[in-house]
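We use all heavy atoms of the structure for the numbers below, so side chains are in, but hydrogens, waters and symmetry mates are not. This chain uses plain numbering: 1 for the first residue, then up along the sequence.
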Amino acid sequence: QVQLVESGGGSVQAGGALTLSCTVSGYPYSYYCMAWFRQVPGKGREGVATIHTGDDSTWYASSVKGRFVISHDSANNTLYLQMNSLEPEDSGMYYCAVEKLAAYYCSGGDFNPPAAEFGAWGQGTQVTVSS
């Protein structure tokens with residue numbers, strides 16, 4: 001059974017930093033797409049960043065490019081999102097997700113796979129950025 005467990009959310013002032021973690025267990029594949037999504041009340045899940053475990057290619061939403069860094073530790077099956085220079089607009093529930101997607105689709109283009117493409121999700125961790 002696949003399990004994704006997130007941690008690291010919290011409250012921070014604008015300009016601050018947080019690092020989210022997501023530990024994956026039970027996933028039967030070696031190469032797959034890992035992603036962070038963000039959701040605010042009344043809206044759907046928006047892609048924030050993706051990384052493919054096969055080639056470490058990454059994709060970032062334009063709103064976070066240059067401020068957030070996605071990475072993964074294959075030895076510990078853990079996904080990270082380092083969030084710097086946080087803005088109030090970054091607030092929301094952050095979810096990690098994984099799916100066996102090709103690298104070019106996961107993070108090779110100008111778009112990210114939509115949330116519907118991912119079959120395994122974490123429970124979410126709240127990030128609140130105050131001005």
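From Thr53, atom OG1 reaches atom CG of Asn77 across 9.5 Å, with rounding to the nearest 0.5 Å. From Cys22, atom SG reaches atom CG of Leu81 across 10.5 Å, with rounding to the nearest 0.5 Å. In this structure, the separation between NZ on Lys100 and CD on Glu117 is 13.5 Å, given to the nearest 0.5 Å. Atom-to-atom distance recorded for Thr19:OG1 and Asn84:CG is 7.0 Å, nearest 0.5 angstrom.
A cation-pi geometry, defined here as NZ or CZ lying under 6.0 Å from the six-membered ring centre and within 45° of its normal, holds between Arg45 and Trp121.
Shown are Asp73, Thr78, Asn76, Leu4; of these, the side chain to side chain contact (heavy atoms under 4.5 Å, CB included) with Thr23 is made only by Thr78.
Residues Met83 and Arg67 are not in side-chain contact: their nearest non-hydrogen atoms beyond the backbone lie 4.5 Å or more apart. Side chains of Tyr27 and Gln1 form no contact here, defined as non-hydrogen atoms less than 4.5 Å apart.
Residues Val64 and Tyr95 do not share a hydrophobic cluster, defined by chaining ILVMFWY side chains whose heavy atoms lie under 4.5 Å apart. At a threshold of 4.5 Å between side-chain heavy atoms, the hydrophobic network of Ile, Leu, Val, Met, Phe, Trp and Tyr places Tyr104 and Leu101 in one connected group. Both Val127 and Met34 sit in one connected hydrophobic cluster of ILVMFWY residues. Membership requires side-chain heavy atoms under 4.5 Å apart, directly or through other members. A single hydrophobic cluster is seen to contain both Leu86 and Val48, as judged by linkage of ILVMFWY side chains at heavy-atom distances under 4.5 Å, directly or through other members. Under the 4.5 Å side-chain contact rule for hydrophobic residues, Tyr105 and Trp36 do not share a cluster.
Of all heavy-atom pairs spanning Tyr32 and Glu99, the tightest one is CB-O, 3.4 Å. Nearest heavy-atom pair, Ser91 versus Val40, reported as atom, atom and distance to 0.1 Å: O-CG1, 3.3 Å. Of all heavy-atom pairs between Ala103 and Asp55, the closest is CB-OD2, 3.5 Å. Of all the heavy atoms in Cys106 and Ile51, the pair that sits closest is SG-O, 3.6 Å. When all heavy atoms are compared, the tightest approach of Leu20 to Gly9 is CD2-N, 3.6 Å. Between Thr50 and Cys33, the shortest heavy-atom contact is CB-SG, 4.3 Å.
Summarising the local packing, CD of Gln13 is surrounded by 12 or fewer heavy atoms from other residues, nucleotides or ligands at distances under 6.0 Å.
Sorted by first and then second residue, the ring-ring contact (aromatic ring centres under 6.0 Å, His included) pairs involving residues 43-83 (not counting sequence neighbours) form an empty list.
Between the side chain of Ser107 and the backbone N or O of Ser57, at least one donor-acceptor pair lies under 3.5 Å. Counting only distance, with no hydrogens or angles, the side chain of Glu6 and the backbone of Gly124 share a donor-acceptor pair below 3.5 Å. Of the possible polar contacts, none joining the Gln82 side chain to the Ile70 backbone as a donor-acceptor pair under 3.5 Å is found. Side chain of Glu46 to main chain of Gln39: no donor-acceptor pair is present (N/O by atom type, distance under 3.5 Å, no hydrogens or angles).
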